A.B. asks: 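The structure under discussion is supplied below as structure tokens; questions concerning it will follow.
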There are 2 protein chains.
Amino acid sequence: MPSPTRRRRPSQGRSRATVEALVEAAAQVFERHGYAAGTTNRIAERAGVSIGTLYQYFADKDALLVAVAEEHLRRGAAALVPLVATLADDPPPAPAAALGDLLRAMLALHVDRPRLHRLLFEEAPLPERIVDGVVALEAEFAGRVADWLRRSPSVTVDDADTTAWLLVQAIEGLVHRWVIHPPTAGDDERFVAATVALLTHGLGGAVRPAPRTTAGGGR
Amino acid sequence: MPSPTRRRRPSQGRSRATVEALVEAAAQVFERHGYAAGTTNRIAERAGVSIGTLYQYFADKDALLVAVAEEHLRRGAAALVPLVATLADDPPPAPAAALGDLLRAMLALHVDRPRLHRLLFEEAPLPERIVDGVVALEAEFAGRVADWLRRSPSVTVDDADTTAWLLVQAIEGLVHRWVIHPPTAGDDERFVAATVALLTHGLGGAVRPAPRTTAGGGR
DNA sequence: ACCAAGTCTGAGCAATTGCTCAGGTCGTTG
DNA sequence: CAACGACCTGAGCAATTGCTCAGACTTGGT
């Protein structure tokens with residue numbers, strides 16, 4: 001039984017290359033034109049095959065989108081799952097280090113094709129199956145983060161579950177907004193430093209080495 | 001000269017009511033069906049007028065979307081601008097109170113029609129004029145927040161500008177995600193409390209009344 | 001060389017949809 | 001009442017687009 005997104009299984013090397021080219025072309029066309037204006041004819045043309053070939057491997061336009069989303073998700077999970085797993089280490093990783101690593105990993109996942117992820121999960125009509133998968137993955141991450149918060153001696157939060165959810169959502173959302181509308185061009189480390197400081201110490205954070213005892217804002 | 005989004009200016013009371021009904025119908029139809037599937041015929045039907053009437057007041061489908069966006073923005077600005085203005089008070093408002101007020105105001109703006117704002121600024125093809133307006137408003141807010149951070153004696157951050165940007169984006173993004181995918185149903189105060197705690201004190205925050213003096217990163 | 005299965009082609013069908021326009025209805029003014 | 005303009009109607013046009021199908025080309029095994 002073929003995958004629900006595929007119509008025909010490629011068996012020879014030639015057709016496997018065709019399918020790869022189609023998924024890549026779909027990602028490019030969707031990224032550039034959006035979902036509605038990303039026509040199947042354009043995708044086939046971009047992939048260098050005819051429209052008939054496209055419909056031999058994909059049941060409909062949605063199947064193409066799903067294939068792109070699955071590929072994107074696969075890469076994201078591959079990069080983040082091991083990182084999140086380290087939160088279970090003993091002793092638990094320090095907040096600043098852990099959050100910085102996560103932020104840098106998320107940034108790396110979004111530097112190229114920044115519009116694609118947004119398109120996949122906000123603009124385009126992904127089937128519930130995929131959306132549920134993402135929600136489940138986020139929930140799993142939040143659960144592991146909550147455990148980590150509870151096990152960390154330097155962390156004292158009232159509501160570990162809600163705070164963990166906030167952390168997961170904030171990291172994902174802020175990285176997104178940063179890569180799409182950066183207020184200052186490209187200074188990624190500045191973004192990471194400020195975000196880590198905000199999340200670990202809040203507005204009272206960023207204590208400089210040996211600060212004056214007088215009151216005074218930063219800088 | 002008519003507004004660029006309008007074709008004909010309504011002069012009598014009857015037609016003004018028609019235009020209002022059309023904008024409201026467009027908001028409902030776009031919210032329910034998305035932009036692409038929100039057909040102009042359906043909007044006209046929902047508003048109780050014929051398709052011809054719709055095109056007497058709106059040049060094209062985009063003009064309808066722009067009218068909805070402008071209305072939405074008008075309400076948002078009306079609710080948030082006065083709140084942000086209080087950040088310039090002397091003495092500066094306490095972080096917890098100010099952030100809590102902003103969060104509650106944002107929540108109130110999104111409890112009904114949670115999908116609409118997302119659709120307007122993420123799915124639909126808004127003209128640059130509108131997007132630039134939003135970016136400018138966010139930038140103005142971030143500027144006022146940065147000033148407030150610098151003037152607040154209890155706040156010590158390294159990079160007030162970047163932190164202010166992070167606060168604005170985090171509040172907007174987290175409220176969005178909360179109203180669309182709340183992990184636990186509807187406990188808004190819990191969300192506000194946890195967010196305020198995270199943003200003001202970070203992971204070392206939420207000091208319970210009379211905590212022990214034992215080790216702990218808390219402040 | 002031959003053939004069966006795998007692979008590819010692309011003109012065109014069916015359905016959707018944004019939008020027009022010729023003509024109708026209603027309210028207001030002289 | 002008459003007439004003018006504001007307002008409204010809705011069948012249908014033009015263009016787009018997802019997708020089909022009948023047949024041609026390629027490959028690999030015998």
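Keep in mind that this is a model prediction, so the values were computed, not measured. Excluded from the calculations below are hydrogen atoms, water molecules and symmetry mates; all remaining heavy atoms, backbone and side chain alike, are included. Sequence lines set the chain letters: A, B, ... in the order given, protein chains first and strands last, and positions in each chain run from 1.
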A.B. asks: Could you write out each protein N or O paired with an N or O of nucleotides 15-18 of chain D at a distance under 3.5 Å?
C.D. replies:
| from | atom 1 | to | atom 2 | distance (Å) |
| --- | --- | --- | --- | --- |
| D:dG18 | OP1 | A:K61 | NZ | 2.9 |
| D:dG18 | OP2 | A:T40 | N | 3.0 |
| D:dG18 | OP2 | A:T40 | OG1 | 3.1 |

A.B. asks: Measure the distance from CG on A:L54 to P on D:dC21 and round it to the nearest whole Å.
C.D. replies: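 Interatomic distance, CG of A:L54 to P of D:dC21: 16 Å.
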A.B. asks: For the pair A:Y35 and A:F30, name the ring-plane relationship: parallel under 30°, tilted 30 to 60°, perpendicular over 60°.
C.D. replies: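 Tilted: the ring planes of A:Y35 and A:F30 meet at 30° to 60°.
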A.B. asks: Do A:E24 and A:R113 meet the salt-bridge criterion of a basic N to acidic O distance under 4.0 Å?
C.D. replies: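 Yes.
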A.B. asks: Indicate yes or no: does B:E172 engage B:R177 in a salt bridge with an N to O separation below 4.0 Å.
C.D. replies: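 Here B:E172 does not pair with B:R177 in a salt bridge, since their nearest N and O are not under 4.0 Å apart.
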A.B. asks: Tell me whether the count of non-hydrogen atoms from other residues, nucleotides or ligands lying under 6.0 Å of CD in B:E140 goes above 12.
C.D. replies: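 Yes.
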A.B. asks: Could you check whether any side-chain heavy atom of B:T195 comes within less than 4.5 Å of a side-chain heavy atom of A:T162, counting everything from C-beta outward?
C.D. replies: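 No, their side chains stay 4.5 Å or more apart.
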A.B. asks: Hey, is B:R42 close enough to B:E45 for a salt bridge, meaning N to O under 4.0 Å?
C.D. replies: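 No, no charged N to carboxylate O under 4.0 Å.
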A.B. asks: Does the side chain of A:T18 get closer than 4.0 angstrom to OP1 or OP2 of C:dC8 through an N or O atom?
C.D. replies: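 For A:T18, the contact criterion (side-chain N or O under 4.0 Å from OP1 or OP2 of C:dC8) is met.
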A.B. asks: Is there a side-chain hydrogen bond (donor to acceptor under 3.5 Å, both in side chains) between A:H117 and A:H176 once you walk through the steps?
C.D. replies: CA-CA 9 Å; A:H117 184 278; A:H176 258 170; 2.9 Å; yes
A.B. asks: Given atom CZ of B:R16 and atom P of D:dC7, what is their separation to the nearest angstrom?
C.D. replies: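 These atoms are roughly 9 Å apart.
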A.B. asks: Determine, for nucleotides 23-30 of chain D in 5'-to-3' order, which nucleotides have protein heavy atoms under 4.0 Å from the base (write B), from only the sugar-phosphate (write S), or from neither (write -).
C.D. replies: ---S----
A.B. asks: Nearest whole Å is fine: how far is D:dC7 P from B:L22 CG?
C.D. replies: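 After rounding, the gap between these two atoms is 13 Å.
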A.B. asks: Do the rings of A:W178 and B:W165 sit parallel, tilted or perpendicular, given the 30° and 60° boundaries?
C.D. replies: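 Perpendicular.
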A.B. asks: Rounded to the Å, how far apart are B:I51 CD1 and C:dC21 P?
C.D. replies: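 Roughly 14 Å, once rounded to whole Å.
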A.B. asks: Closer than 4.0 Å, any side-chain N/O of A:S50 to the OP1 or OP2 of C:dT9?
C.D. replies: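 The answer is yes; a side-chain N or O of A:S50 sits under 4.0 Å from OP1 or OP2.
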A.B. asks: For C:dT9 and A:T53 - does any side-chain N or O of the residue sit under 4.0 Å from the phosphate oxygens OP1/OP2?
C.D. replies: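 For C:dT9, OP1 or OP2 has a side-chain N or O of A:T53 closer than 4.0 Å.
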